Structures are given as C-alpha cells and as structure tokens.
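Heads up: the structure comes next, in structure tokens.
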Amino acid sequence: MHRLHSLLGFYLCLVLGFLCLSGTLTSIGHELDWLSDPALRVAPGERHASWGEMAAAIHTAYPGWKIQRLSAPQGAWFAAEVRVLNPQGQARLIYVDPYRAVVTGERNRATIHATLRQIHRQFYLPNFDGINIGVYLATPFGLVLLLLLISGLIMQPRFWRGMLRLRLGQGRAILFNDLHRLIAGWSLWFVAAIGLTATWYFAERALLDAGLPLEPEPVRAVTSGPAVPLDDGLRQAGIVWPDFRVMAIYPPRRSGEALRLDGQAGHWLVRDRANKVWLDPASGGVLRIDRITDRALLYRWNETANPLHFGDFAGTASRLVWFVFGCGLTTLVFSGAWMYWRRLRQQRDLARRRAARKAG
C-alpha cells in the first residue's frame with residue numbers, strides 16, 4: 001500500500017495537482033469575478049426588484065436582445081447575471097442591480113469563473129465528434145484521489161495522532177512529513193467528497209453519452225399568443241408552490257416552448273436546478289412541477305454532486321471553506337510528491353556510496 005500510495009502521488013502529481021489547484025480557484029470563481037469586475041459589485045438596497053423589472057431594464061437598455069437566462073445574484077453584494085443573445089447572434093452577459101433594476105454592465109461570457117470551470121472540468125478541450133473528451137480525461141483522477149485516501153488510511157490507521165502535531169525547527173523533512181499528515185487528517189472528509197463526486201462526473205458523462213436522461217423532459221406550451229408579464233406567471237408559481245424560491249428563469253427560445261423556473265425549496269444540499277416549475281408563457285399557468293423529492297435516489301445524488309464538489313450551497317461562506325480545504329488538498333499532493341522524490345534521491349545516493357565502497 002505504501003508503494004501504491006507513493007507511486008500514484010508521485011507520477012501523477014503534476015496533473016492531479018493542477019486539477020486540485022484549478023478546482024480550488026473555481027470554488028471562489030464568483031468572488032474573483034466580483035473583485036475584478038466593478039459592474040458585478042452592487043450595494044444592497046431596501047427592497048429587491050422583481051424579476052420582471054430586471055427583465056424590463058434589459059429590454060430598455062438593449063432593445064432587440066434576447067434573454068436566455070436570468071440568474072439570481074450569488075450574494076447580497078452581487079449583481080444578477082443575465083445571459084443574452086445580441087441581434088448579431090453573439091452570446092453576451094449583462095449585469096443588473098437586483099435592488100434598483102438598473103443595468104450595471106455588459107461583457108462576453110468568458111468570466112473568470114467560467115474559464116476556471118472549463119479548465120478544471122475538461123482541461124479547456126473542445127468536444128470531438130460530440131464527445132467531451134476533456135471530461136473523460138479529467139474525471140478519472142477522482143478515482144486516483146480515492147485510492148490515495150484508502151491507501152493512506154491503511155498506512156496510517158491511527159491518523160488522528162498526526163492531526164495536532166507540527167514539529168518546527170527540526171529540519172525540512174520532518175516539517176513536510178508532519179504537515180502532510182496534519183492536513184491529511186483534517187481533510188479526510190473533503191478528499192472523500194471530491195473523489196466521490198469527481199468519479200461520479202465520469203459516470204454521469206457516460207450515462208448522458210449513452211442517451212440516459214438525468215433531468216426531466218421539457219414541457220410544451222399549451223396555448224399560443226402574447227406572453228403574459230413575467231411577474232404574473234411567477235405569482236402563479238408562488239401560489240401553487242409557496243416554498244419555491246426562484247433562482248433562474250429560462251424564457252422560451254422558440255414557439256411552443258414553456259417558460260422554465262429553476263429554484264430551491266428547502267431541500268438540503270442540491271443545486272439550484274434541482275426543482276423546476278414550468279409555466280405556459282401565454283397564460284402564465286403552471287404546466288408541471290418537478291420536485292427533487294419525487295425522483296429516484298440516483299437523480300437526487302446527481303443534483304447533490306455539484307454543491308458537494310465546489311462548496312456552492314451556502315454562498316461565499318461555504319465557497320471560502322472549500323477554497324481553504326482545496327488549498328490543503330493541493331498542498332497534500334505536492335508535499336507527498338516532494339517527500340517521495342527526496343526518498344528516491346536518498347536511496348540513489350546510498351546506492352552510489354555502496355557501489356563506490358565496493359569498487360574501492
């Protein structure tokens with residue numbers, strides 16, 4: 001087990017460390033965008049603007065632009081993000097103050113978070129013949145993490161002994177060894193969560209490529225005619241499902257499609273699209289409700305994997321916790337590789353000295 005642990009950690013350290021580092025940065029990608037882009041920063045107000053007011057602000061500022069998705073802010077100091085298509089068919093991103101319904105900025109969709117996510121998820125590789133090769137290359141490293149976790153526990157069954165020990169001033173080797181065991185002990189749950197969810201992403205991609213749907217089928221609209229005001233439809237959804245909190249809105253892109261609402265309804269550790277309400281755009285009536293509690297365990301796990309992998313379930317606070325433990329995981333990878341390299345070098349030097357003594 002020691003040899004397996006050392007070999008996996010050493011020979012795969014560059015790719016594994018890269019994935020751990022990129023995932024760590026992805027977990028705070030929204031915060032990095034907030035720091036880098038003034039248009040994303042807003043001051044909280046006394047009241048929240050309605051979804052309809054925010055949509056109207058976009059139509060006023062950008063006539064002829066088509067809204068593809070309106071998303072709730074990532075936090076109290078964040079602007080709402082709206083994905084749009086301009087008249088030239090270019091995908092753009094518009095920021096709207098969620099308190100004052102005022103457009104604060106517009107940009108391309110290559111945000112820091114989106115770029116980091118693509119790097120972490122698939123090495124920023126394009127699809128080949130419709131197959132996401134990058135996902136198949138990156139996600140098996142979740143299994144590597146699980147193997148490192150299991151082998152490490154077998155090697156150190158009393159791992160808790162190293163959770164409070166960090167000897168300073170006794171040399172770099174002892175410091176790195178203690179640091180490795182200390183971080184590993186406190187990060188066991190985190191390594192298990194990242195390893196399991198990354199391995200699941202491989203299975204998820206395989207299931208999707210095999211044609212197995214992991215989300216409910218879209219609903220068709222039942223009436224035709226001009227769309228009712230957005231806020232009227234949202235009121236209907238609130239009457240039918242009072243606990244439903246809208247997190248994203250997907251207007252119909254073509255005739256016959258329903259308007260889709262994604263949101264939270266008090267279910268623990270699920271992403272925002274776990275629950276859905278489908279509205280008829282012409283009448284505002286509720287066509288169907290998709291509750292995550294009504295679906296099989298496999299689908300429930302599929303909606304839990306993302307929040308568990310990136311810590312995106314309690315706003316900036318949980319994302320910062322994931323960032324800290326992600327830094328620890330990255331340190332584990334490179335400190336373990338350094339210790340094994342140092343051991344190999346010592347063994348090589350010892351072998352040379354023995355060979356020199358025999359030759360002399």
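Computed from a prediction, not measured in an experiment: that's the story for all the values here.
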With no hydrogens and no angle check, do the side chains of Asn275 and Trp241 hold a donor and an acceptor under 3.5 Å apart?
-> no

Are Arg100 and Glu53 close enough for a salt bridge, meaning some N to O gap below 4.0 Å?
-> no

Within one Ile-Leu-Val-Met-Phe-Trp-Tyr cluster: Met339 and Trp341, side-chain cutoff 4.5 Å = yes

Determine, step by step, whether Asp312 and Arg271 satisfy the side chain to side chain contact (heavy atoms under 4.5 Å, CB included) criterion, reporting the C-alpha distance in whole Å, the side-chain angles of both residues, the deciding distance to 0.1 Å, and the verdict.
-> CA-CA 8 Å; Asp312 194 14; Arg271 55 186 168 186; over 6 Å; no

Got a salt bridge between Glu215 and Lys276, using NZ or NE/NH1/NH2 to carboxylate O under 4.0 Å?
-> yes

Determine whether the aromatic ring centres of Trp322 and Trp189 lie less than 6.0 Å apart.
-> yes

In the hydrophobic cluster built from side-chain contacts under 4.5 Å, what are the other members alongside Leu93?
-> Trp34, Leu35, Leu40, Trp77, Phe78, Tyr95

Smallest heavy-atom separation, Arg288 atom then Pro216 atom, equals NH2-CB, 3.5 Å

Look at the side-chain heavy atoms of Ile, Leu, Val, Met, Phe, Trp and Tyr, link any pair under 4.5 Å apart, and say whether Ile289 and Tyr250 land in one connected group.
-> no

Search all heavy atoms of Tyr201 against all heavy atoms of Thr139 and return the closest pair with its distance.
-> CB-CG2, 3.5 Å

Please check if atom CZ in Arg354 has more than 12 non-hydrogen atoms from other residues, nucleotides or ligands closer than 6.0 Å.
-> no

Ser283 and Thr223 have their tightest heavy-atom pair at N-OG1, 4.0 Å

Do Arg319 and Glu31 meet the salt-bridge criterion of a basic N to acidic O distance under 4.0 Å?
-> yes

Hey, does the side chain of Thr111 reach the backbone of Ala114 with a donor-acceptor pair shorter than 3.5 angstrom?
-> yes

Say you draw a straight line from CZ of Arg92 to CZ of Arg83; how long is it, rounded to the nearest 0.5 Å?
-> 13.5 Å

Judged by modelled atom types alone, do Thr293 and Arg295 share a side-chain donor-acceptor pair under 3.5 Å?
-> no

Heavy-atom donor-acceptor pair, Asn132 side chain to Asn127 backbone, under 3.5 Å = no

When you look at Asp209 and Ile131, which way does the side chain to side chain contact (heavy atoms under 4.5 Å, CB included) test go after all the steps?
-> CA-CA 7 Å; Asp209 287 342; Ile131 298 177; 4.3 Å; yes

Side-chain donor-acceptor pair under 3.5 Å between His120 and Thr26, yes or no?
-> no

Judged by atom type as modelled, is there a donor-acceptor pair below 3.5 Å linking the side chain of Ser27 to the main-chain atoms of Thr24?
-> yes

Can you name the nearest heavy-atom pair linking Ala39 to Thr104, along with the distance?
-> O-OG1, 2.6 Å

Is the side chain of Ser187 donor-acceptor paired with the backbone N or O of Leu329 at a distance under 3.5 Å, no angle test?
-> no

Where Ala337 and Gly9 come nearest, the two heavy atoms and their spacing | CB-O, 3.9 Å

With the threshold set at 4.0 Å, does a side-chain nitrogen-carboxylate oxygen contact exist between Asp232 and Arg235?
-> yes

Would you say the side chains of Asp231 and Ser50 form a donor-acceptor pair under 3.5 Å?
-> yes

Does Ala101 offer a backbone N or O that forms a donor-acceptor pair with the side chain of Asp97 under 3.5 Å?
-> no

Quick one: ring-ring contact (aromatic ring centres under 6.0 Å, His included) pairs with a partner in residues 5-28, sequence neighbours left out?
-> Phe10-Tyr340

Quick one: sort the His48 and Tyr99 rings into parallel, tilted or perpendicular, breaks at 30° and 60°.
-> tilted

Any donor and acceptor pair, going by atom type alone, linking the side chain of Thr304 with main-chain N or O of Leu269 inside 3.5 Å?
-> yes

Sub-3.5 Å donor-acceptor pair from the side chain of Arg109 to the main-chain atoms of Val84, do we have one?
-> yes

Residue pairs meeting ring-ring contact (aromatic ring centres under 6.0 Å, His included), one or both in residues 132-177, sequence neighbours left out, come to Tyr136-Phe202, Phe176-Trp338

Euclidean distance, Asp262 CG relative to Arg69 CZ, rounded to 0.5 Å | 8.5 Å

Is the side chain of Asp280 donor-acceptor paired with the backbone N or O of Ala221 at a distance under 3.5 Å, no angle test?
-> no

Trp65 CH2: over 12 foreign heavy atoms closer than 6.0 Å | yes

Using a strict cut-off of less than 4.0 Å between a Lys/Arg side-chain nitrogen and an Asp/Glu carboxylate oxygen, indicate whether Arg353 and Asp349 qualify as a salt bridge.
-> no

